[in-house]
Amino acid sequence: MTCDPRVLRRPLLVGLIPAVWTVVLGLWGLSRQNSVWRDEAATWQVARRSTGDIVRMLEHVDVVHSLYYLCMHGLFAGFGPSTTVLRLPSVLAVAAAAACVALIGHRLAGAYVGLGAGLVLGLLPAVQFYLQEGRPYALVAAGSAASTLLLVNALRGRDRKRTWAAYACAVLVCGWLNWLALLILPAHLITLLWSRAPRGVRVRWAVAAGAATAGVLPLALFSLDQSGQVSWVPPLTWHMMIGPAVLLAIGGLGGLLGRRTGTAPGTGRGTAERTGVAGPPDLADRAGRPGPAGTVEPAGPVAGSPSVAAVGLPLLAVPQLGLIGLSLVKPLFVDRYILFSLLGLALLIGALIGRAVDEVARRSRPAARCVLPVLVAVALVALLPQSLAKRSPASRVDDVLAAAERTRQLKHDGDGVLFIPAARRDTWLVTPDAFTGTRDIALAETPEESGTLKGVEASPARVRAAMLAQRRILLVTDAAGVARPTRGRRDRTKAEVLATHFTLVSDERIRGRRVAVYERLAPAGGG
């Protein structure tokens, strides 16, 4: 298999091939053996609520994901809840991001760099993980890729009002999906400065960026009142810096080695670094169109284009370093919050692939066309064990659906059900039919009534009385070693009553959760 030169002359195919490739990777093992873990369970149970109930909940919790929840509510209402509906938006989002990355690479340094960057994106381990995740991070990556492509277009001479309007909208949507996506703005600013963009371009970027920031600012300020939601994030430690350091090292290598390359025979383009101001509109617009004397100018880098390094390195480094800086004030360092920074890594790896193609092309033009397919195949095989692992239920902390199914098998009509901690109530909220005939004996207000994710439980005294009135209780909790649940007074009461007044008759660990059955030692009401 080789890269057909006809493909290299068609920008549409350069974007389409990585998109289709990514969709295939995303559909492979999409259901993860019909498993859903706790973060996805939050999406699932909120998406099933009415719009009014969702809005009421956002006043108290998870406002940072408000746009995503409302979008998922529409999808669940239209197509019904399932693992496919839950995860397919992320698959399509990463596919769109791969297409944008490919087009960026193509326009900056040629088709091989673009194809390489687009194909690599879907293979990155972290991207493979969130490619099949029912959360908003892949959508943020797609919007970030689109905004970066629009920025590159502006720098290459398409500095038009509609370009900047689209840019502002893309950043605004990203911010409403997760306001930490605004970290892309300082990355783009560095790209502008590195590329020595004209003052007019910088001013128009500032206006678009300011408008997007103003639109996201109310969400960001309101979410500060809900900062307790991220209280689980540990303080920054040195070992947490290993991952970013490795990524930056790889990215720096790509930026360094991918800088000076020649012209790959058969492509009509080089992958030489170009820095400086954006070229004239006629140069940018002529790429891929009939040129003088009937020649064709393949779509690719034009005079004045920014370099791949000028776009990729800030996109990779600034979100990583920015989140580290924010985490020194408030612990926030979680890699998925800045998944979009890996767009920069893909671009820089694409530059390395372009360099490899050029080096081989100096010796053999036919062999050069095989470099990209061979590299992608080798990467696919090398990453196969990790790819398979990320598509298994064991890749996540727990499995809500497995615990619910086991509860369905163990329950008796009239059983009481307890959740320790209360957040494990998501087992019931995602699959309520599995609990038909049982009673949540600690619940005082449902999640919908209270506008919360997990509902409001009764006082410890009332929970104790309700437990002692039961002959049989099913407990759903975390398996040992999976997580350390917060044990408040209410949870301590639950555990103490079970240990003192009940005997354990069944205890099973199912994919990160524990489902146990307790029976009363003495007749109900015996104290």
Residues, nucleotides or ligands: over 12 heavy atoms within 6.0 Å of Lys390 NZ: yes
Working to the nearest 0.5 Å, report the span between [atom1] of [X] and [atom2] of [Y].
X	Y	atom1	atom2	answer
Asn153	Trp164	CG	CH2	10.0 Å
Gln128	Thr22	CD	OG1	10.0 Å
Leu313	Leu348	CG	CG	4.5 Å
Trp21	Leu119	CH2	CG	6.5 Å
Ser147	Leu172	OG	CG	11.5 Å
Gln320	Leu315	CD	CG	10.5 Å

Backbone N/O of [Y] and side chain of [X]: donor-acceptor pair under 3.5 Å:
X	Y	value
Gln132	Gly26	yes
Glu40	Gly134	yes
Thr163	Arg158	yes
Arg48	Trp44	no

With sequence neighbours excluded, residues passing side-chain hydrogen bond (donor to acceptor under 3.5 Å, both in side chains) with Trp428: none
Taking side chain as C-beta onward, heavy atoms only, is [X] less than 4.5 Å from [Y]?
X	Y	result
Lys330	Val230	yes
Leu189	Trp205	yes
Leu16	Leu13	yes
Leu453	Leu429	no
Trp194	Pro306	no
Arg336	Arg135	no
Leu139	Ser90	yes
Cys174	Ile184	no

If every non-hydrogen atom of [X] is compared with every non-hydrogen atom of [Y], which pair is closest and at what distance?
X	Y	result
Tyr68	Leu86	OH-O, 4.2 Å
Ala181	Phe340	CA-CE2, 3.8 Å
Leu352	Leu253	CD2-O, 3.9 Å
Thr148	Ser144	OG1-O, 2.8 Å
Leu183	Val318	O-CG1, 3.8 Å
His60	Gln226	C-NE2, 3.3 Å

Partners meeting side chain to side chain contact (heavy atoms under 4.5 Å, CB included) with Val85 (sequence neighbours left out): Leu75, Phe76, Phe79, Ser82
Phe419 and Phe435 aromatic ring geometry - parallel, tilted or perpendicular at 30°/60° bounds: tilted
Of Arg509, Arg424, Arg514, the residue whose pairing with Asp478 passes side chain to side chain donor-acceptor pair (under 3.5 Å): Arg424
Test: Asp53 and Arg56 ion pair at under 4.0 Å: yes
Candidate pair Tyr112 and Arg369, rule side chain to side chain contact (heavy atoms under 4.5 Å, CB included), full reasoning: CA-CA 9 Å; Tyr112 278 114; Arg369 296 172 186 167; 3.5 Å; yes
Modelled atom types, side-chain donor and acceptor of Asp62 and Gln229, under 3.5 Å: yes
Worked verdict on Val397 versus Asp39 for side chain to side chain contact (heavy atoms under 4.5 Å, CB included): CA-CA 10 Å; Val397 170; Asp39 278 17; over 6 Å; no
Working for side chain to side chain contact (heavy atoms under 4.5 Å, CB included), residues Val152 and Leu103: CA-CA 10 Å; Val152 167; Leu103 291 174; over 6 Å; no
Step-by-step side chain to side chain contact (heavy atoms under 4.5 Å, CB included) determination, Trp28 to Leu131: CA-CA 11 Å; Trp28 168 30; Leu131 172 65; over 6 Å; no
side-chain hydrogen bond (donor to acceptor under 3.5 Å, both in side chains) evaluation trace for Gln409 with Arg406: CA-CA 5 Å; Gln409 298 166 1; Arg406 190 60 184 135; 2.5 Å; yes
Qualifying side-chain hydrogen bond (donor to acceptor under 3.5 Å, both in side chains) pairs with a residue from residues 392-402, counting only residues at least two apart or across chains: Arg38-Asp398, Glu133-Arg396, Asp398-Arg513, Asp399-Arg511
